[in-house]
Amino acid sequence: MFLAWNEIKHAKLRFTLIIGVMTLISYLVFFLVGLAYGLAMDNRTSVDKWDASGIVLTDESNANINMSMMPRSLANDVVADEVAVLGQAPNVIRKEGETGEDDKINVTFFGIEKDQFLMPEVIDGEAFDEDYEVVADISLQEEFGIEIGDVLKMAGSDLEVEVVGFTENAKFNVAPVLYTTVNTYQDVRFGQIDESEEGRISAIIARDESFSDIELDNEDLRSYSIKEYIEEIPGYMAQVLTFGLMIGFLIVIAAIVIGIFMYVLTVQKSSLFGVMKAQGISTAYIAKSVVAQTFILAAVGVGIGLILTVGTAFVLPATVPYSTNIIFLAVITGMLILFAVLGAFFSVRAIAKIDPLEAIG
């Protein structure tokens, strides 16, 4: 370690460049991890808020809630500790923008019963009490300036809803969620409310000790665990796998780059290492110094990249789907440093082959 640190202090420019490359690579990896995690959570945060065991859809829907439609009475055919009905409908709301023209915002309506467990925690305002009142995801306030009391118009119809409260972490398929009554959901999706009908819903959400405890008394229904359902959200798995492969390749590239740098430096210093061997310094000691040097460079470079990433997260606008996961950052940090050190072992092999007489000339 003493030899490694002294050499770094002696050749500051050379090792600063290596640290700079490591910093840029690690910063890119950390930022992509934050984006990937943020995008993934924007697909599923509202589902995670259910804290449920499973979801029941029609058998013909193929796990797609947009294609699932059933009579409200079918909730009686689901046996579980707690059962809640859910109507889901994507829509577009209009709000007057600063330029005088309407801003069009993609949203998802969740029609729920206020007294069932799907009702989210309201962090600002109050829960809905009547039809055409909604509790909205807080991102609508942060990104579009929507406030409590604002009346939102539906694109393509005369329907209007009033925002009475806000909740957090409520997005579905990247769109903010508006929680409202089942009657309002039916009006949004079907264009009218008929009190004489029992009504239609999209899904039944079940909560029990485990998913296996949920029982169905209707052959037209099919249950999915929450994990299975999230994986079936359109585009979710493709997004996760794409970013996962990108991040994995970047980690491998980082290890290769740092390994190449250390190998080139080792070859350039072969005569110096030859002199050290001629003086009786063991190959193992020199090899340990090279590995220690790589560890220092990688740790400093990754550390600076991590600091830059955390700083960037504080200044990003709310419209950027970025989210920090401490566990992911810790694992990626360890992997970057570990693979960089493993890459340095190519240099150790070169050191072992150095002949003192040939190196001295």
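Only this structure's heavy atoms are used, side chains among them; waters, hydrogens and symmetry mates stay out.
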Inset, instruction - Would you please test Ile204 and Met70 for side-chain contact (heavy atoms from CB on, under 4.5 Å) and show each step? - result: CA-CA 9 Å; Ile204 302 163; Met70 66 185 77; 3.6 Å; yes
Legend entry - Stepwise side-chain contact (heavy atoms from CB on, under 4.5 Å) test for Met154 and Val92: CA-CA 6 Å; Met154 301 294 104; Val92 177; over 6 Å; no
Legend entry - Test log, rule side-chain contact (heavy atoms from CB on, under 4.5 Å), inputs Leu17 and Val21: CA-CA 6 Å; Leu17 292 175; Val21 171; 5.7 Å; no
Legend entry - side-chain contact (heavy atoms from CB on, under 4.5 Å) evaluation trace for Val177 with Val107: CA-CA 6 Å; Val177 171; Val107 298; over 6 Å; no
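No more than 12 heavy atoms of other residues, nucleotides or ligands lie within 6.0 Å of CD1 in Ile327, so this atom counts as exposed by the packing criterion. Other residues, nucleotides and ligands contribute only 12 or fewer heavy atoms inside 6.0 Å of the CD atom of Glu121. The number of heavy atoms from other shown groups lying within 6.0 Å of CG (Leu241) is above 12. Within 6.0 Å of NZ on Lys114 lie more than 12 heavy atoms contributed by other residues, nucleotides or ligands. Counting heavy atoms of neighbouring residues, nucleotides and ligands inside a 6.0 Å radius, atom CD of Glu60 does not exceed 12 of them.
With hydrogens and angles disregarded, a donor-acceptor distance shorter than 3.5 Å links the side chain of Ser68 to the backbone of Ser202. Panel note: side chain Ser61, backbone Met67; no donor-acceptor pair is recorded below 3.5 Å. Between the side chain of Asn64 and the backbone N or O of Asn66, at least one donor-acceptor pair lies under 3.5 Å. Formation of a donor-acceptor pair under 3.5 Å by the Asp208 side chain with backbone atoms of Asp81 is found in this model. Looking only at distances, no side-chain donor or acceptor of Asp42 sits under 3.5 Å from a matching main-chain atom of Val174.
Inter-residue side-chain proximity for Thr324 and Val310 is flagged as unmet; no heavy-atom pair is nearer than 4.5 Å. Side-chain contact between Phe128 and Thr184 is absent, with no heavy-atom pair separated by less than 4.5 Å. You'll find the side chain of Phe190 reaches within 4.5 Å of the side chain of Tyr185, heavy atoms only. In this structure, Ile105 and Phe144 have side chains that are in contact, with non-hydrogen atoms separated by less than 4.5 Å. Between Ile148 and Gln141 there is no side-chain heavy-atom pair separated by less than 4.5 Å. Counting only heavy atoms from C-beta outward, the side chains of Val320 and Leu35 approach each other to under 4.5 Å.
Rounded to the nearest 0.5 angstrom, Ser53 OG and Arg207 CZ are separated by 8.0 Å. For the atom pair CD1 of Ile146 and CD1 of Ile138, the computed distance is 10.5 Å after rounding to the nearest 0.5 Å. Interatomic distance, Met22 CE to Ile25 CD1, rounded to the nearest 0.5 Å: 6.5 Å. Rounding to the nearest 0.5 angstrom, the gap separating the CD atom in Glu133 from the CD atom in Glu126 is 7.0 Å. Note that the CZ atom of Phe328 and the CZ atom of Phe30 stand 13.5 Å from one another [nearest 0.5 Å]. Atom-to-atom distance recorded for Met119:CE and Ile112:CD1 is 5.5 Å, nearest 0.5 angstrom.
The closest side-chain donor-acceptor pair between Thr181 and Asn183, if any, does not fall under 3.5 angstrom. The closest side-chain donor-acceptor pair between Ser210 and Asp213 falls under 3.5 angstrom. Side chains of Thr312 and Tyr27: a donor on one and an acceptor on the other come within 3.5 Å.
For the residue pair Val188 and Ala89, the shortest heavy atom distance occurs at CG1-CB, 4.4 Å.
Side-chain heavy atoms closer than 4.5 Å link hydrophobic residues (I, L, V, M, F, W, Y) into clusters, and following such links, even through other members, never connects Tyr132 to Val135.
Results of the side-chain contact (heavy atoms from CB on, under 4.5 Å) test with Leu74 over Val56, Asn218, Asp220 single out Asn218 as the only residue that passes.
Shown here are the side chain to side chain donor-acceptor pair (under 3.5 Å) partners of Asn325, two or more places apart in sequence or in another chain: Tyr37.
Salt-bridge check for Arg222 with Glu232: failed, with every basic side-chain N at 4.0 Å or more from each acidic carboxylate O.
Classified by interplanar angle (parallel below 30°, tilted 30° to 60°, perpendicular above 60°), the ring pair Trp50/Tyr229 is parallel.
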